[in-house]
Amino acid sequence: MKQSMLYPRATSTRRVADMNGMWKFRLDKENEGEEQGWKNGIPGADLIPVPASFNDFYTDKESREFTGDFWYETEVFVPGEWKGRHIDVRFAAVTHRCTVYVNGQEIISHEGGFLPFSARIDEVVNWNEPNRVVVKGNNELSFTSLPAGISVTLENGRKMTKPFFDFFNYAGIQRPVKLVVLPEESIVDFTLNYALEGNDASVSYQVETTGDHPVTVEVYDESGKPVARGEGKEGCLKIENVHLWEVHNAYLYHFVLKVLDGEEVLDEYYDEIGIRTFAVEGNRFLLNGNPVYLKGFGKHEDSDIVGRGFNIGVMKRDFELMKWIGANSFRTSHYPYSEEIYQMADREGFLVIDELPAVGFFESLANFVDAVSGKTTNFFDRPTVPELKKNQLAMLEDLIARDKNHACVIAWSLFNEPDTMTDSAAPYFEEIFARAKELDVQKRPRTFAMELNSSPEHCKCHQFCDFLCLNRYYGWYLLGGYEMVNAETAFRKEMDAWLAKGVNCPMVFTEYGCDNLQGEHKLPSVQWSTEYEMEYLEMFHRVFDSYECVKGEQVWNFADFQTVEGIMRVNGNKKGIFTRQRQPKEAAYYFKKRWESLPLDYKG
Ligand code: GCB
């Protein structure tokens with residue numbers, strides 16, 4: 001049976017019960033959980049919140065850095081009145097993989113820490129009684145995991161992860177868990193696409209259900225007035241005088257799907273949909289046919305105490321800050337974010353570049369240094385590549401299934417900073433890019449974020465992109481400090497080389513930025529000071545403003561975030577324009593001024 005990626009919603013035919021809260025928890029330090037039968041109950045367990053990363057609650061390093069299996073347990077009461085329906089336990093994300101047991105029976109294993117999955121439990125459930133749900137999670141990294149890295153064993157026998165990426169390897173049940181009660185015949189999926197004709201829109205739809213009963217779809221405007229209705233699993237609706245979804249001016253229609261048996265509603269589902277088109281034309285982005293310039297951030301799901309756990313308050317604050325500063329977009333670097341974030345972006349009218357967790361495809365423990373070194377790691381020559389590709393394709397399928405109906409999602413970023421310098425990368429990329437096109441009915445533009453080694457001279461994969469995303473650190477990782485003048489020259493030389501190659505598509509700077517310790521001042525400037533950051537940003541913006549093909553700037557990063565410890569990081573990455581506590585650094589005021597003065601159709 002196909003997994004439904006639909007967001008859990010209660011309707012006249014569906015029930016949703018929240019399973020979040022304090023769960024039992026134990027790190028499997030001696031690797032004994034399997035043998036000791038912890039699937040039937042975890043002895044000596046601690047209590048821990050769900051959703052959250054487990055790492056930052058504890059006061060000892062062994063817990064924070066723990067690598068291996070970890071176990072969660074809870075009880076869920078399943079009322080007898082639900083008998084005869086399907087019961088799914090739905091995990092929005094368990095990082096990076098897990099196996100789920102209900103009443104001691106294994107019901108599902110899932111690979112990948114950033115996308116949802118459901119396990120059907122009707123067969124194993126005890127009705128009108130509490131049911132034990134146990135999750136065995138694992139956070140190890142490998143050459144076949146997304147994100148990629150390695151796990152090593154220390155002299156004391158403890159394992160440790162060494163990511164090939166620059167964010168802390170947070171893990172656990174990081175997003176909400178819900179019990180979803182579905183009718184016998186149910187809606188599994190729906191897919192929307194839009195075309196605009198004058199003041200009207202046509203909305204083509206496809207619905208997938210588990211049965212053969214007829215389907216109806218209805219569209220209501222924001223005042224609740226019905227504006228279109230269709231019958232059948234496929235069709236095209238016409239909406240006259242359409243209210244389009246626009247940047248910072250989102251209009252959302254209420255879309256209702258029903259499976260009917262005569263008068264009886266067998267299943268009902270709804271969503272809020274924004275009607276818009278998005279396309280690349282020459283070197284322009286067109287939203288509803290009008291040029292748009294992207295202003296915003298590369299972000300992380302990262303905050304104090306809960307780590308990468310979904311934090312609804314932080315989400316709200318982040319959107320308020322992004323509106324305050326004049327941003328209109330962000331990239332979900334470096335993994336698909338929580339579903340609620342896309343719902344919020346739909347509501348607030350933000351443009352989102354949606355990224356797969358295909359990060360660390362460059363063998364390096366300090367990729368921020370190696371990525372500018374010109375070195376190749378022959379990543380795609382490894383024998384592990386077929387397995388990696390299988391995992392990436394599975395995640396791509398789930399990502400597009402999950403996010404395809406979001407108005408905010410304007411593009412797919414299929415990798416972050418992979419090693420594209422060897423010929424073997426090209427067929428791998430070709431397959432992933434082709435599959436993304438095949439899966440997405442809206443044919444959103446596809447891209448990947450390129451590090452400096454992916455240069456006009458050496459990159460073997462940029463030709464697969466519908467637009468280029470460049471991560472560039474001229475003046476920070478290279479040619480920093482007093483050499484800044486050379487940084488600008490080198491930067492312009494690279495831009496000219498792309499154009500000389502005949503590249504004629506939008507270019508977005510999906511990363512640029514330098515670390516800044518809040519409150520550090522120095523005259524004349526030195527790296528890490530606020531003064532230096534200003535000079536650096538002014539240099540970048542001078543270059544952006546002088547190239548017509550630059551159609552977006554997403555500074556790295558929205559906020560300071562946790563990474564592995566090391567001499568290049570002062571308790572994390574400090575490139576945030578906001579602190580980790582979501583307060584502005586000085587650069588925030590500089591960006592506010594710039595972004596508020598750049599029109600939406602800048603260089604259009
Ligand atoms: C990059 C990576 C990002 C790092 C950033 C940095 O190129 O894509 O994950 O955090 O550089 O600050 O070094």
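These values consider heavy atoms only, across backbone and side chains, with no hydrogens, waters or symmetry-generated copies. Order of appearance sets the numbers: ligands from 1, and atoms from 1 within every ligand.
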#### Entry: Per-atom contacts of ligand 1 with F561, taking only distances under 4.0 Å to non-hydrogen atoms
10 (O)
#### Entry: Side chain, backbone, both or neither: T563 near ligand 1, heavy atoms under 4.0 Å
neither
### Query
Should D440 and K404 be marked as a salt bridge (charged side-chain N to carboxylate O under 4.0 Å, His left out) after you check the CA-CA gap, both sets of side-chain angles, and the distance that decides it?
CA-CA 7 Å; D440 182 17; K404 63 188 169 184; over 6 Å; no
### Query
Does the side chain of F57 come within less than 4.5 Å of S63's, by heavy atoms?
no
#### Entry: Atoms in ligand 1 flagged as close to R569, the criterion being non-hydrogen separation under 4.0 Å
6 (C), 12 (O), 13 (O)
### Task
Tell me, with the steps shown, if Y532 and M484 meet side chain to side chain contact (heavy atoms under 4.5 Å, CB included).
CA-CA 10 Å; Y532 187 81; M484 173 92 84; 3.7 Å; yes
### Summary
Taking only non-hydrogen atoms of E417 and a 4.0 Å limit, the atoms of ligand 1 in range are 1 (C), 2 (C), 7 (O), 8 (O)
### Task
Could you see which bit of F362 sits under 4.0 Å from ligand 1, with heavy atoms only: side chain, backbone, both or neither?
neither
### Message
Strictly below 4.0 Å, N to O, side chains only: are R64 and E565 in salt-bridge contact?
### Response
yes
### Message
As a check for students: among H300, E451, E511, identify the option with a heavy atom nearest to atom 2 (C) of ligand 1.
### Response
E511
#### Entry: Atom indices of ligand 1 within 4.0 angstrom of N471 heavy atoms, with elements
8 (O)
### Query
Which bit of F167 gets closer than 4.0 Å to ligand 1, counting heavy atoms only: side chain, backbone, both or neither?
neither
### Task
Between N416 and ligand 1, find which residue part has any heavy-atom pair under 4.0 Å and reply side chain, backbone, both or neither.
side chain
### Task
Could you tell me which atoms of ligand 1, counted from 1 in the order shown, lie closer than 4.0 angstrom to a heavy atom of Y477?
6 (C), 12 (O), 13 (O)
### M450 touching ligand 1 at heavy-atom level, < 4.0 angstrom
no
### Task
Within a distance under 4.0 Å of any heavy atom of H334, pick out the atoms of ligand 1 and give their elements.
3 (C), 8 (O), 9 (O)
### Query
Quick one: does ligand 1 sit under 4.0 Å from the side chain of K575, the backbone, both or neither, non-hydrogen atoms only?
side chain
### Task
Apply ring pair (Phe, Tyr, Trp, His ring centres under 6.0 Å) to Y512 and F544, showing your working.
CA-CA 11 Å; Y512 63 105; F544 296 171; 4.9 Å; yes
### Message
Less than 3.5 Å apart, any donor N or O on the side chain of T579 or Q518 sitting next to an acceptor on the other?
### Response
no
### Message
Going by salt bridge (Lys or Arg N to Asp or Glu O under 4.0 Å), E553 matches just one of K295, R594, R331. Which one?
### Response
R594
### Query
Does W556 approach ligand 1 within less than 4.0 angstrom via side chain, backbone, both or neither, non-hydrogen atoms only?
side chain
### Message
Quick check on the 6.0 Å ring-centre criterion: do H462 and F448 meet it?
### Response
no
### Task
Verify whether the ring centers belonging to F509 and F491 lie closer than 6.0 Å.
yes
